[in-house]
Amino acid sequence: MRAIIVASVAAGAALMAVAPGSARAQERRHEVAAPQAWGFAGPLGRFDMAAVQRGYAVYAQVCSACHSLNGMTYGDLASIGLTDEQVRQIAASQSVPGGVDAQGAAVTRPATAADHFRQPFASVEAAAAANNGSPPPDQSRLALVYPGGPDRIYALLTGYRPAPPGFVPTNAGAFYNPYAANSEIGMPPPLHDGQVEYADGTPATTAQEARDVTTFLAWAAQPHLAERHRLGVQVTLYLLFLAILAFILKRKVWSDVH
């Protein structure tokens with residue numbers, strides 16, 4: 001899933017072609033992502049935790065090979081409905097830096113619930129070297145900072161298709177994707193039918209995997225969204241009550257004034 005964030009939105013960009021070797025990059029139009037029906041959208045939205053759990057499975061089995069999730073600890077997974085034992089097992093299956101040994105050599109140790117998600121690469125330089133000079137972005141707040149948000153992430157993950165006649169990528173080895181900037185992206189199609197085995201038996205189509213991992217990334221970016229929505233409703237009802245009370249009080253105070 002690396003390079004999801006490579007595409008920056010420039011909706012309505014003109015379709016232009018330049019001669020080979022020109023210093024100016026080609027600019028191509030890219031499609032606007034169609035709005036999706038997300039359960040977490042809107043002032044009363046809330047996350048489907050079954051979808052969030054499936055999305056975590058996609059992240060763990062596919063995206064984590066290249067993308068970090070620095071904003072989360074393994075213990076945060078308890079908030080999506082995993083048990084303490086499941087969280088412990090997931091954390092223990094990962095190795096994190098454990099300081100140095102008596103000879104000064106770096107060592108690792110099994111992660112605990114308090115540890116942040118492991119880094120897929122030893123350094124930014126190593127990440128860049130493994131990805132054609134561009135380190136894959138962290139996904140902790142991707143759903144918030146990526147132009148187009150969840151709709152665009154979903155469209156990008158499901159939008160790979162054969163390049164149209166005459167399409168020449170500006171970067172060698174790039175893939176055609178109409179939802180990417182300049183309609184090209186360096187990341188190969190990350191999702192495929194049956195790539196992930198869901199614990200709840202949900203058929204793992206490419207579209208389902210994309211929808212679930214997008215939901216997980218939206219949750220990772222705003223894990224307390226439902227609580228904020230509940231608080232907002234409570235505050236609104238309280239203010240409405242005060243407004244009604246003030247109106248009644250005003251009517252009573254001024255009832256004898258002619």
Side-chain angles (χ1 to χ4, degrees), residues 4-5 7-12 31-59 68-88 90-91 113-117 137-157 179 200 202 207-208 210-258:
I4 286 179
I5 205 171
S8 61
V9 178
E31 296 182 18
V32 176
Q36 300 292 316
W38 301 107
F40 53 81
L44 300 179
R46 46 191 309 121
F47 288 106
D48 176 356
M49 285 307 173
V52 174
Q53 288 185 24
R54 292 194 301 269
Y56 168 70
V58 178
Y59 170 81
S68 58
L69 205 62
N70 294 331
M72 284 188 61
T73 66
Y74 291 104
D76 290 332
L77 293 176
S79 299
I80 69 174
L82 300 187
T83 66
D84 291 342
E85 179 59 22
Q86 288 174 317
V87 170
R88 188 196 66 76
I90 290 172
D115 286 309
H116 285 264
F117 276 52
D138 179 74
Q139 294 188 332
S140 300
R141 296 179 61 80
L142 184 64
L144 287 180
V145 302
Y146 184 59
D151 290 341
R152 186 73 179 283
I153 294 173
Y154 175 81
L156 190 69
L157 291 173
Y179 299 102
D200 63 2
T202 298
Q208 184 68 55
R211 190 167 192 83
D212 289 338
V213 76
T214 300
T215 301
F216 170 71
L217 294 178
W219 174 85
Q222 302 184 85
H224 304 295
L225 181 67
E227 289 83 348
R228 293 207 307 272
H229 284 173
R230 281 197 296 270
L231 180 60
V233 170
Q234 292 170 359
V235 170
T236 300
L237 292 176
Y238 178 69
L239 292 176
L240 181 61
F241 170 74
L242 289 182
I244 294 174
L245 189 62
F247 176 77
I248 295 174
L249 182 61
K250 175 181 176 295
R251 292 287 300 270
K252 181 174 180 62
V253 170
W254 291 92
S255 60
D256 296 330
V257 177
H258 301 287

* Asked: Can Tyr56 and Met72 be said to form a side-chain contact (heavy atoms from CB on, under 4.5 Å), step by step?
  -> CA-CA 12 Å; Tyr56 168 70; Met72 284 188 61; over 6 Å; no

* Asked: Sequence neighbours excluded, which residues qualify as side-chain hydrogen bond (donor to acceptor under 3.5 Å, both in side chains) partners of Asp48?
  -> none

* Mind listing the closest non-hydrogen atom pair of Ser140 and Leu69 along with its distance? => OG-C, 3.3 Å

* Could you check if a side-chain atom of Tyr146 sits within less than 4.5 angstrom of a side-chain atom of Leu156, using non-hydrogen atoms only? => yes

* To do: Measure from the side-chain N and O atoms of Thr73 to the backbone N and O of His116, and report whether any donor-acceptor pair falls under 3.5 Å.
  => no

* Exam field: side chain Arg88 to backbone Ala113, donor-acceptor pair closer than 3.5 Å -> no

* Structure fact -> Interatomic distance, CG@Leu142 vs CG@Leu217, rounded to 0.5 Å, equals 6.0 Å

* To do: Please report the shortest heavy-atom distance between Pro223 and Ala220, naming the atom on each side.
  => CD-O, 3.6 Å

* Take Asn70 and Phe117, measure what side-chain contact (heavy atoms from CB on, under 4.5 Å) needs, and give me the verdict at the end. => CA-CA 6 Å; Asn70 294 331; Phe117 276 52; over 6 Å; no

* Structure fact -> Scanning both residues in full, the closest heavy-atom pair of Ala143 with Ala218 reads CB-CA, 3.6 Å

* Is the shortest heavy-atom distance from the side chain of Asp212 to the side chain of Thr214 under 4.5 Å? -> no

* Quick one: closest heavy-atom pair of Tyr179 and Val32, and the distance? => CE2-O, 3.9 Å

* Structure fact -> Here the pair of heavy atoms bringing Thr215 nearest to Ala51 is CG2-CB, 4.2 Å

Which atom pairs, one a donor and one an acceptor, fall under 3.5 Å between side chains of residues 34-43 and the rest of the protein, sequence neighbours left out?
{"unit_1": "Gln36", "atom_1": "OE1", "unit_2": "Arg211", "atom_2": "NH1", "d": "3.2"}
{"unit_1": "Gln36", "atom_1": "NE2", "unit_2": "Ala34", "atom_2": "O", "d": "3.4"}
{"unit_1": "Trp38", "atom_1": "NE1", "unit_2": "Asp151", "atom_2": "OD1", "d": "2.6"}

* Value rounded to 0.5 Å, distance of CZ in Arg152 from CG in Leu157 -> 11.5 Å

* Test Gln139 against Tyr59 for side-chain contact (heavy atoms from CB on, under 4.5 Å), laying out the working first. => CA-CA 10 Å; Gln139 294 188 332; Tyr59 170 81; 3.6 Å; yes

* **Distance, nearest 0.5 Å, that separates OH of Tyr74 from CD1 of Ile90** => 9.0 Å

* Asked: Between Gln86 (side chain) and Thr83 (backbone), is there a donor-acceptor pair under 3.5 Å?
  -> yes

* With sequence neighbours excluded, what pairs up with Ser79 under the side-chain hydrogen bond (donor to acceptor under 3.5 Å, both in side chains) test? -> none

* **Polar contact flag, side-chain donor to acceptor under 3.5 angstrom, Asp138-Ser68** => yes

* Structure fact -> Of all heavy-atom pairs linking Phe216 and Val52, the shortest is CD1-O, 3.7 Å

* In sequence, state the C-alpha distance, the side-chain angles, and the governing distance for Gln208 and Arg54, and then conclude on side-chain contact (heavy atoms from CB on, under 4.5 Å). => CA-CA 9 Å; Gln208 184 68 55; Arg54 292 194 301 269; 3.6 Å; yes

